[in-house]
Amino acid sequence: MTRDAHTSRIDLYAAIRRDAKAGLSKRALQRAHGVGYRTVAAALESAWPKEPKPPPKRGSRLDRFREVIDGWLRDDLDAPRKQRHTAKRIFDRLLDKHDAAGLVSYGMVREYVAVRRREIRIEAGREPANTFIPQEHLPGREAEVDFGEVAIRLRGELVTCTLFSLRLSYSGKAVHRISASAGQEAFFEGHAHALLVLGGVPIGQIRYDNLKAAVASVIGFSRQRVEADRWTAFRSHYGIEAFYCQPGIQGAHEKGGVEGQIGWFRRNHLVPVPEVDSLAELNTMVDAWDEADDARRIGSRARTVGEHFATEQPLLAPLPTEAFETGRWFTPRVDRYAQVTVRMNKYSVPARMVGRQARVLLNASDLIVFDGKTEIACHERLMTKGATRVDLDHYLEVLLRKPGALPGATALEQARASGRFTLVHDAWWAAACKAHGDSDGTRALIEVLMLHRHLPHEHVVAGLATALRAGALTADAVALEARKHDDTEDGVADDTTAGQSTTHPGAEVGETPAVRSLTERRLRAHIQADTRPLPSLDKYDQLLPSRRHTPNEGAAP
């Protein structure tokens with residue numbers, strides 16, 4: 001019976017009962033409302049219509065095989081886990097041994113087994129009913145941590161990264177961090193960043209699953225774990241009490257808050273797939289998203305996440321005064337290709353380090369190389385194994401001696417792919433090789449590339465473009481034009497001379513200005529006024545003989 005039909009029947013019963021109170025007989029009520037005797041009797045008996053009886057359940061062609069299937073499923077209770085009946089095996093046995101061909105379909109068997117298998121396990125006490133117990137979380141006491149995978153477009157390439165999430169159980173305040181891997185460095189860095197944003201440490205427990213970054217091994221079926229040494233030191237530094245969930249799906253239910261938070265964050269902030277140039281840029285966006293999420297409400301809560309966190313934050317334990325080094329140190333030896341190997345990947349260092357030992361700090365998303373205490377290289381961490389990342393600048397001194405190695409160098413191809421070696425570089429290089437020969441032209445280009453160490457990239461490119469238009473195919477000319485761009489941007493050039501015409505005499509309007517000399521540049525630059533007195537020769541004049549003693553000096557003979 002539909003809702004409208006049920007409502008109209010209630011109105012009919014109300015009308016019959018009203019007319020009956022007015023004195024109408026049952027027969028008169030039947031005539032007045034056009035109903036039968038049973039309807040009038042039912043209306044007078046109750047103001048609420050009775051629900052109609054459901055139609056009898058239709059039988060299924062599978063009914064004759066239910067006991068057989070249930071018997072096989074009960075036998076599976078004691079069978080090895082990998083040798084139990086699947087729905088396909090049950091269907092095949094019904095066809096082979098019980099002549100079920102044409103009577104039942106695989107879909108009928110699959111639907112029945114999917115429901116009945118779990119019911120039999122529950123009846124036998126092998127599996128509890130899927131019941132969840134509501135929990136009450138006190139402010140400032142509990143949190144949950146987990147990793148999740150996310151896809152991003154990094155410089156146009158689709159890559160998979162790791163999303164770290166730490167969520168406070170009371171307020172639902174969550175802090176996220178995206179890194180290149182799910183290693184221990186990312187685990188520690190995510191904690192350090194999250195606790196710094198929260199301004200404290202939960203005084204109770206933080207729930208974890210059995211991440212390799214924290215747990216070295218699980219002891220039996222208990223909650224005891226053998227922890228990684230660095231994780232034990234990290235916990236001790238921040239005063240974290242760890243609670244390890246059960247392995248598998250049961251453990252996921254024990255920290256369902258952060259499991260759901262990762263999915264919510266991924267759906268609401270990472271759809272569509274973000275396009276960024278670096279992980280640092282992406283994490284800046286993530287911090288802004290986390291701050292904006294303070295204004296949302298979770299479920300049917302009356303207050304926002306930020307309002308609950310304002311209550312919870314003062315109850316957190318204070319942070320330690322000293323920071324914990326989240327990165328990991330390595331001391332590899334530099335090979336003959338001026339590269340160090342860290343975690344099965346190769347990274348370049350300056351060529352002068354060949355054969356020496358370097359100190360490498362591996363972070364979650366980058367890698368820093370030191371020579372003693374001096375930083376000599378910094379690379380974005382590679383996300384695959386067996387890959388190589390090289391910097392063209394590290395090989396320039398060697399390429400000056402071996403210019404023929406530049407055209408096929410791996411460092412040159414990676415510089416082109418990253419946009420550091422532009423089309424302007426290629427055009428100037430081709431022109432220089434045509435004018436000076438391949439070796440001298442390539443050496444001139446290498447000298448230009450060394451300018452990137454001291455001048456901004458865009459200024460060197462602008463200097464190359466200006467020199468190319470003017471036909472100046474020497475490194476000194478490029479250096480001059482690059483410094484002119486650098487000085488103009490920094491406000492070093494003279495304002496009065498900056499607006500003067502820079503074209504050579506006789507040049508037409510719009511013609512490319514000639515490259516100035518270094519002397520002209522020095523003359524046009526700001527020079528502080530010299531307030532010192534002019535030099536005097538008076539003291540030297542005293543050494544000259546007096547004219548009184550030589551009156552005829554200078555006279556004609």
Side-chain angles (χ1 to χ4, degrees), residues 164 177-181 183-197 213 228-238 277-281 283-284 319-383 387-401 409-411 414-415 418 420 446-447 449-457 460 486:
F164 172 91
R177 196 76 171 170
I178 295 180
S179 56
S181 72
Q184 196 175 66
E185 302 82 24
F187 189 60
F188 289 171
E189 186 175 305
H191 274 84
H193 173 72
L195 297 177
L196 182 63
V197 172
D229 292 340
R230 293 192 72 228
W231 168 238
T232 302
F234 185 90
R235 285 201 308 105
S236 175
H237 181 80
Y238 282 96
D277 292 329
S278 66
L279 291 180
E281 177 187 349
N283 279 317
T284 301
L319 294 171
T321 55
E322 296 182 359
F324 189 93
E325 180 57 75
T326 59
R328 188 156 194 166
W329 287 97
F330 297 88
T331 55
R333 187 170 294 279
V334 182
D335 62 18
R336 60 180 179 174
Y337 297 100
Q339 296 172 2
V340 293
T341 302
V342 179
R343 294 280 177 87
M344 300 179 68
N345 289 322
K346 293 181 179 294
Y347 303 88
S348 69
V349 298
R352 58 182 171 81
M353 293 290 295
V354 170
R356 297 172 54 188
Q357 201 170 37
R359 297 173 64 243
V360 178
L361 177 62
L362 180 65
N363 294 316
S365 299
D366 60 16
L367 174 142
I368 305 174
V369 185
F370 293 87
D371 179 14
K373 295 183 178 180
T374 305
E375 179 180 334
I376 57 175
C378 181
H379 294 278
E380 188 176 85
R381 183 169 176 172
L382 291 166
M383 300 184 186
T388 302
R389 174 159 287 155
V390 290
D391 188 346
L392 181 58
D393 182 73
H394 295 159
Y395 299 91
L396 296 182
E397 284 80 5
V398 179
L399 289 171
L400 277 175
R401 302 194 311 270
T410 303
Q414 292 193 9
S418 65
R420 296 292 296 175
I446 295 170
E447 292 176 359
L449 294 177
M450 289 182 174
L451 296 175
H452 288 284
R453 299 176 178 177
H454 314 291
L455 296 173
H457 174 77
V460 176
D486 186 46

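Position 1 is the first residue of the sequence, and the numbers go up from there.
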Verify, without hydrogens or angle tests, whether Gln357 (side chain) and Thr331 (backbone) share a donor-acceptor contact under 3.5 angstrom. yes

With salt bridge (charged side-chain N to carboxylate O under 4.0 Å, His left out) as the test, would you mind laying out the steps for Arg343 and Glu185 before giving the verdict? CA-CA 12 Å; Arg343 294 280 177 87; Glu185 302 82 24; 3.1 Å; yes

Looking only at heavy atoms, what is the nearest atom pair of Ala180 and Leu279, with distance? N-CD1, 3.8 Å

What are the two closest heavy atoms between Gly372 and Arg359, and how far apart are they? O-NH1, 2.8 Å

CE (Met344) and OG1 (Thr341) are apart, to the nearest 0.5 Å, by 10.0 Å

Find out whether Arg381 and Tyr347 are in side-chain contact, i.e. whether some heavy atom of one side chain is under 4.5 Å from a heavy atom of the other. yes

Using 30° and 60° as the class boundaries, would you call the ring planes of Phe234 and Trp231 parallel, tilted or perpendicular? parallel

Interatomic distance, CG@Leu455 vs CE@Met450, rounded to 0.5 Å, equals 14.0 Å

Leu361 vs Phe370 side-chain heavy atoms within contact, under 4.5 Å: yes

Any donor and acceptor pair, going by atom type alone, linking the side chain of Ser278 with main-chain N or O of Glu281 inside 3.5 Å? yes

Decide yes or no on side-chain contact (heavy atoms from CB on, under 4.5 Å) for Trp329 and Val360, but give the supporting numbers first. CA-CA 6 Å; Trp329 287 97; Val360 178; 6.0 Å; no

With a 4.5 Å limit on heavy-atom distance, are the side chains of Ser179 and Glu189 in contact? no

Identify the heavy atoms of His394 and Pro350 that sit nearest to each other, and give their distance. CG-N, 3.7 Å

Is the backbone of Ser348 close enough, under 3.5 Å, to the side chain of His379 for a donor and an acceptor to pair up by distance? yes

Checking Asp393 against Leu449 for the side-chain contact (heavy atoms from CB on, under 4.5 Å) test, could you report, in this order, the C-alpha distance in whole Å, the side-chain angles of both residues, the deciding distance, and whether it holds? CA-CA 7 Å; Asp393 182 73; Leu449 294 177; over 6 Å; no

Ring-plane angle category for Phe188 and Phe324, please: parallel below 30°, perpendicular beyond 60°, tilted otherwise. perpendicular

So Leu399 and Leu392, do their side chains get closer than 4.5 Å, heavy atoms only? yes

Please work out which of the three classes, parallel, tilted or perpendicular, describes the rings of Phe164 and Phe187, given edges at 30° and 60°. perpendicular

To the nearest 0.5 Å, what is the distance between CG (Asp366) and SG (Cys378)? 5.0 Å

Pairing donors with acceptors under 3.5 angstrom, does anything connect the side chains of Gln414 and Arg389? no

Nearest heavy-atom neighbours spanning Ala186 and Ala364: CA-CB, 3.5 Å

OG on Ser365 to CG on Asn283, rounded to 0.5 Å: 6.5 Å

Using modelled atom types and a 3.5 Å cut-off, is there a donor and acceptor pairing between side-chain atoms of Tyr395 and backbone atoms of Tyr337? yes

If I compare all heavy atoms of Arg230 with all of Gly327, which pair ends up nearest, and what's the gap? NH2-O, 3.0 Å

Which heavy-atom pair separates His457 from Arg420 by the least distance, and what is that distance? CE1-O, 2.9 Å

side-chain contact (heavy atoms from CB on, under 4.5 Å) between Val369 and Glu375, intermediate numbers included: CA-CA 6 Å; Val369 185; Glu375 179 180 334; over 6 Å; no

Would you mind telling me which of Val390, Val334, Val349 makes a side-chain contact (heavy atoms from CB on, under 4.5 Å) with Gln339? Val390

Around atom CZ of Arg453, are there more than 12 heavy atoms from other residues, nucleotides or ligands closer than 6.0 Å? yes

side-chain contact (heavy atoms from CB on, under 4.5 Å), paired with Asn345, selected from Val340, Thr388, Leu382: Leu382

Side chain to side chain, Ile368 and Asn363, heavy atoms closer than 4.5 Å: yes

State, yes or no, whether a side-chain contact exists between Asp335 and Lys346 at a heavy-atom distance under 4.5 Å. yes

Minimum side-chain heavy-atom gap Asp371-Arg356 below 4.5 Å: yes

Rounded to the nearest 0.5 Å, how far apart are CD1 of Ile446 and CG of Leu400? 5.0 Å

When you compare the side chain of His191 with that of Thr326, does any pair of heavy atoms fall below 4.5 Å? no

Using only atom types and a distance under 3.5 Å, with no angle test, would you say the side chain of Arg333 pairs donor to acceptor with the backbone of Gly355? yes

Distance-only, no hydrogens or angles: does the His237 side chain make a donor-acceptor pair with backbone N or O of Glu322 under 3.5 Å? yes

